[in-house]
S.K.: 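The structure under discussion is supplied below as structure tokens; questions concerning it will follow.
Side chains included, hydrogens not; waters and symmetry mates left out as well; all remaining heavy atoms used.
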Amino acid sequence: MPNLEHSAYPAATLLHLESLVPCRESQVSMLLSIFGERQQLSFPSIFIYGHTSSGKTYVMRTLLNTLQLPHVFVNCVEHFTSRLLLEEILIQLQNRSSETKEAAHVPCDTFNDFVRLFKQAIVSQDLQDETFYIVLDRAEQLREMEANVLPAFLRLQELTARNVTVVLLSEIVWELFRPNTGCFEPFTLYFPDYSIGHLQKILCQNHPPEYSADFYAAYINILLGVFYMVCRDLKELQHLAALNFSKYCEPVVRGEANERDTRKLWKNIEPHLKKAMQTVYLREISSSQWERLQHDEGEAGQLKGLSAHAHVELPYYSKFLLIAAYLASYNPVRTDKRFFLKHHGKIKKTNFMKKHEKTSNHLLGPKPFPLDRLLAILYSIVDNRVAPTANIFSQITSLVTLQLLSMVGNNDQLDGPRYKCTVSLDFIRAIARTVNFDIIKYLYDFL
């Protein structure tokens with residue numbers, strides 16, 4: 001028995017629509033009830049919200065395209081000003097008919113201009129007798145535009161005297177949208193996260209034809225067992241499933257196991273899934289690079305490191321700046337004299353290291369340091385004299401942009417900016433090796 005029923009649309013179309021939006025039947029059924037028939041006056045504005053990758057954009061696009069409802073679909077991140085947004089809506093509306101040639105660009109500076117041009121376009125496209133839908137994806141960007149844009153979109157049906165519905169898609173709740181001065185309240189609809197059962201059902205639809213559905217379902221079950229606690233993003237899971245399936249099939253391809261030998265299949269794929277977990281969301285390497293690494297014949301049980309940060313190319317002095325920043329973050333200030341002053345005199349190690357200091361600075365995390373301390377350590381560890389030129393300061397800014405350093409506090413501090421080094425010990429050791437610098441000798445924790 002089909003879950004979607006509506007008298008205005010053929011049963012075969014609704015059955016096809018249901019197959020395209022698995023696990024979202026209740027939300028689609030609600031939207032169909034709100035839309036009604038083509039010629040009926042629909043709700044002026046609808047606000048759909050939910051976490052990322054919960055199917056909001058896909059469901060709306062599939063619903064409108066499958067039922068062939070007249071609409072425009074605009075991403076508010078791509079069109080980040082009110083003028084770009086309004087002009088894009090008009091351009092898509094004027095170009096929606098394939099018979100007509102591409103419309104000339106019409107400037108739209110204000111919302112009053114938009115209302116006037118929109119009414120003309122609706123008449124020219126012969127859409128007066130049916131509901132027209134304007135879908136604004138990533139609608140939270142509307143809050144960054146002029147104060148009148150969001151309230152005007154919510155009341156666009158009233159302003160234009162046309163049968164138009166504005167659909168807002170967002171990842172945040174309506175309470176964070178509502179202006180302080182008040183506005184027309186849209187109909188709100190929540191898209192919940194996919195459960196593990198929903199993800200299993202959706203991911204199993206992509207099984208390759210050369211393997212049985214049960215075999216692919218067992219693979220998806222293993223994949224979700226590893227990644228579900230750290231990643232519930234459907235797009236990321238689809239990427240991971242496609243990326244690692246060939247490795248899962250290797251024992252079957254080589255004839256070492258059959259499709260039901262789950263133990264051998266799991267033992268073969270387990271280390272690769274654990275390694276892939278380190279790069280969830282990061283996209284540090286491309287899919288083709290990952291596959292080449294999977295097929296490389298290395299030492300038994302060994303997998304090559306995948307972090308692209310290990311291969312970061314930095315200018316010569318930027319490497320020393322990063323090393324100096326790491327030393328400033330993880331060494332106490334009072335140790336600078338011992339490490340970086342050439343004629344500091346004799347300092348007994350027993351007196352230098354207090355007995356009650358047992359906690360490692362690397363366990364406590366990086367500490368902020370001022371700019372003058374960073375430069376002082378830099379001048380100490382670099383053999384030749386480095387002048388404090390604009391080039392050095394620009395390289396510090398570049399390290400902050402690369403997120404290798406982070407700025408602590410505000411730029412308007414009287415005592416100058418403070419920074420923290422955000423890289424790991426393994427990373428800084430790799431950088432230090434490229435300039436023949438033994439960083440371990442300068443770290444307080446390794447005395």
Side-chain angles (χ1 to χ4, degrees), residues 21 24 26-36 41-64 69-93 108-115 117-118 131-194 232-235:
V21 287
R24 282 291 178 255
S26 60
Q27 286 77 19
V28 173
S29 179
M30 176 64 72
L31 288 170
L32 288 174
S33 301
I34 299 169
F35 289 176
L41 196 65
S42 184
F43 206 85
S45 51
I46 303 170
F47 181 81
I48 299 175
Y49 67 103
H51 289 151
T52 182
S53 195
S54 56
K56 305 180 295 297
T57 303
Y58 172 75
V59 167
M60 275 305 304
R61 196 184 292 275
T62 304
L63 175 62
L64 295 171
L69 299 174
H71 68 280
V72 296
F73 219 103
V74 183
N75 188 308
C76 296
V77 173
E78 297 175 5
H79 306 89
F80 50 89
T81 67
S82 59
R83 176 171 179 169
L84 289 174
L85 180 64
L86 299 177
E87 289 180 353
E88 178 63 19
I89 293 173
L90 294 172
I91 290 170
Q92 288 192 30
L93 173 56
C108 181
D109 295 318
T110 66
F111 214 96
N112 285 337
D113 293 338
F114 173 74
V115 170
L117 295 170
F118 181 80
T131 308
F132 186 79
Y133 298 91
I134 299 176
V135 184
L136 302 179
D137 197 8
R138 303 293 296 276
E140 55 267 16
Q141 297 298 319
L142 293 176
R143 302 180 303 165
E144 308 297 328
M145 300 181 188
E146 291 84 346
N148 68 316
V149 173
L150 177 59
F153 269 123
L154 296 174
R155 301 181 62 177
L156 187 60
Q157 188 178 102
E158 177 185 344
L159 295 173
T160 59
R162 297 289 186 269
N163 187 5
V164 57
T165 294
V166 176
V167 182
L168 307 177
L169 306 181
S170 177
E171 296 179 6
I172 62 177
V173 297
W174 168 246
E175 284 71 23
L176 297 177
F177 271 80
R178 186 183 290 114
N180 296 330
T181 55
C183 64
F184 181 84
E185 294 289 321
F187 181 90
T188 58
L189 180 62
Y190 175 60
F191 273 50
D193 289 342
Y194 289 112
R232 304 187 184 185
D233 188 315
L234 178 59
K235 294 177 183 176

S.K.: Residues two or more places apart in sequence or in another chain: which of them pass side-chain contact (heavy atoms from CB on, under 4.5 Å) with Glu87?
M.R.: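 For Glu87 the side-chain contact (heavy atoms from CB on, under 4.5 Å) partners, ignoring immediate neighbours, are Arg83, His105, Pro107, Cys108.
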S.K.: Please list all pairs meeting salt bridge (Lys or Arg N to Asp or Glu O under 4.0 Å) that have one or both residues in residues 131-143, counting only residues at least two apart or in different chains.
M.R.: Arg138-Glu140
S.K.: Looking at every non-hydrogen atom in both residues, tell me the closest pair between Cys183 and Pro179 and how far apart they are.
M.R.: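 Of all heavy-atom pairs spanning Cys183 and Pro179, the closest is SG-CD, 3.4 Å.
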S.K.: Applying side-chain contact (heavy atoms from CB on, under 4.5 Å), name anything that partners Leu84, two or more places apart in sequence or on another chain.
M.R.: His79, Phe80, Thr81
S.K.: Name the one of Ile134, Leu64, Leu136, Ile48 that satisfies side-chain contact (heavy atoms from CB on, under 4.5 Å) with Val167?
M.R.: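 The side-chain contact (heavy atoms from CB on, under 4.5 Å) with Val167 is passed solely by Ile48 among Ile134, Leu64, Leu136, Ile48.
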S.K.: Compare all side-chain heavy atoms of Leu168 with those of Leu150 and state whether any distance is below 4.5 angstrom.
M.R.: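 Touching, per the 4.5 Å side-chain cut-off.
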S.K.: Does the side chain of Pro192 come within less than 4.5 Å of Gln27's, by heavy atoms?
M.R.: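 The answer is yes, as the side chains (C-beta and beyond) meet within the 4.5 Å cut-off.
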S.K.: How close do Phe47 and Pro186 get, counting heavy atoms only, and between which atoms?
M.R.: CB-CG, 3.8 Å
S.K.: Can you sort out the partners of Glu171 under salt bridge (Lys or Arg N to Asp or Glu O under 4.0 Å), two or more places apart, ordered by chain and number?
M.R.: none
S.K.: If I compare all heavy atoms of Glu146 with all of Ser82, which pair ends up nearest, and what's the gap?
M.R.: OE1-OG, 3.0 Å
S.K.: How would you list, by chain and number, every residue that makes a ring pair (Phe, Tyr, Trp, His ring centres under 6.0 Å) with Phe35, sequence neighbours excluded?
M.R.: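 Ring pair (Phe, Tyr, Trp, His ring centres under 6.0 Å) list for Phe35, sorted by chain: Tyr133.
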S.K.: Is there side-chain contact between Val135 and Val74, with at least one heavy-atom pair below 4.5 Å?
M.R.: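 Heavy-atom side-chain distance check fails, nothing below 4.5 Å.
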S.K.: Over 60° means perpendicular and under 30° means parallel, so classify the ring planes of His71 and Phe73, tilted if in between.
M.R.: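 Phe73 vs His71 ring planes: perpendicular.
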S.K.: Donor-acceptor check, side chain of Ser53 to backbone of Leu234, threshold 3.5 angstrom: yes or no?
M.R.: yes
S.K.: Check ring pair (Phe, Tyr, Trp, His ring centres under 6.0 Å) between Phe153 and all other residues, then give those that pass, not counting sequence neighbours.
M.R.: Phe111
S.K.: Looking at residues at least two apart in the chain, or sitting in another chain, which of them share a side-chain contact (heavy atoms from CB on, under 4.5 Å) with Arg162?
M.R.: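 Partners of Arg162 by the side-chain contact (heavy atoms from CB on, under 4.5 Å) criterion, ordered by chain and then number, come out as Lys119, Ile122, Val123, Thr160.
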S.K.: Just wondering, do Leu69 and Phe132 contact through their side chains at under 4.5 Å, heavy atoms?
M.R.: no
S.K.: Can you see which heavy atom on Gly55 is nearest to which on Phe191, and at what distance?
M.R.: O-CE2, 3.8 Å
S.K.: For the pair Gln157 (side chain) and Val164 (backbone), establish whether a donor and an acceptor sit closer than 3.5 Å, ignoring hydrogens and angles.
M.R.: yes
S.K.: Just to verify, what does Glu185 make a salt bridge (Lys or Arg N to Asp or Glu O under 4.0 Å) with, not counting sequence neighbours?
M.R.: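 Applying salt bridge (Lys or Arg N to Asp or Glu O under 4.0 Å) to Glu185 gives Arg178.
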S.K.: Does the cation-pi check pass for Arg24 over Tyr58, that is, NZ or CZ under 6.0 Å from the six-membered ring centre and within 45° of its axis?
M.R.: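 Because its charged atom misses either the 6.0 Å distance or the 45° angle limit, Arg24 does not stack over Tyr58.
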S.K.: How would you list, by chain and number, every residue that makes a salt bridge (Lys or Arg N to Asp or Glu O under 4.0 Å) with Asp113, sequence neighbours excluded?
M.R.: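 Asp113 satisfies salt bridge (Lys or Arg N to Asp or Glu O under 4.0 Å) with Arg116 only.
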S.K.: Met30: what forms a side-chain contact (heavy atoms from CB on, under 4.5 Å) with it, not counting sequence neighbours?
M.R.: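 So Met30 forms a side-chain contact (heavy atoms from CB on, under 4.5 Å) with Ile34, Phe187, Leu189.
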S.K.: I need the Thr188 OG1 to Phe177 CZ distance, nearest 0.5 Å.
M.R.: 12.5 Å
S.K.: How far apart are the C-alpha atoms of Thr165 and Ser42, what are their side-chain angles, what is the distance that settles it, and do they pass the side chain to side chain donor-acceptor pair (under 3.5 Å) test?
M.R.: CA-CA 7 Å; Thr165 294; Ser42 184; 3.3 Å; yes
S.K.: Which distance, rounded to the nearest 0.5 Å, do you find between the CD1 of Ile89 and the CG of Leu117?
M.R.: 12.0 Å
S.K.: Got a donor-acceptor contact below 3.5 angstrom from the Ser54 side chain to the His51 backbone?
M.R.: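 Pair found, side chain donor or acceptor close to backbone of His51.
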S.K.: What distance separates Leu85 CG from Met145 CE, expressed to the nearest 0.5 Å?
M.R.: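 Reported to 0.5 Å precision, the distance equals 5.0 Å.
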S.K.: Which heavy atom in Cys76 sits nearest to a heavy atom in Ala139, and how many Å separate them?
M.R.: SG-CA, 4.2 Å
S.K.: What residues form a ring pair (Phe, Tyr, Trp, His ring centres under 6.0 Å) with Tyr190, not counting sequence neighbours?
M.R.: Tyr49
S.K.: State the CD1-CG distance between Ile46 and Leu154, to the nearest 0.5 angstrom.
M.R.: 11.5 Å
S.K.: So how far is it from Thr57 OG1 to Asn75 CG, rounded to the nearest 0.5 Å?
M.R.: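 So the gap between those two atoms works out to 8.0 Å.
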S.K.: Taking all heavy atoms of Phe184 and all of Trp174, pick out the closest pair and write down the distance.
M.R.: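 Closest approach of Phe184 to Trp174, heavy atoms only: O-CZ2, 4.3 Å.
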S.K.: Among all residues two or more places apart in sequence or in another chain, which pass the salt bridge (Lys or Arg N to Asp or Glu O under 4.0 Å) test with Glu158?
M.R.: Arg155
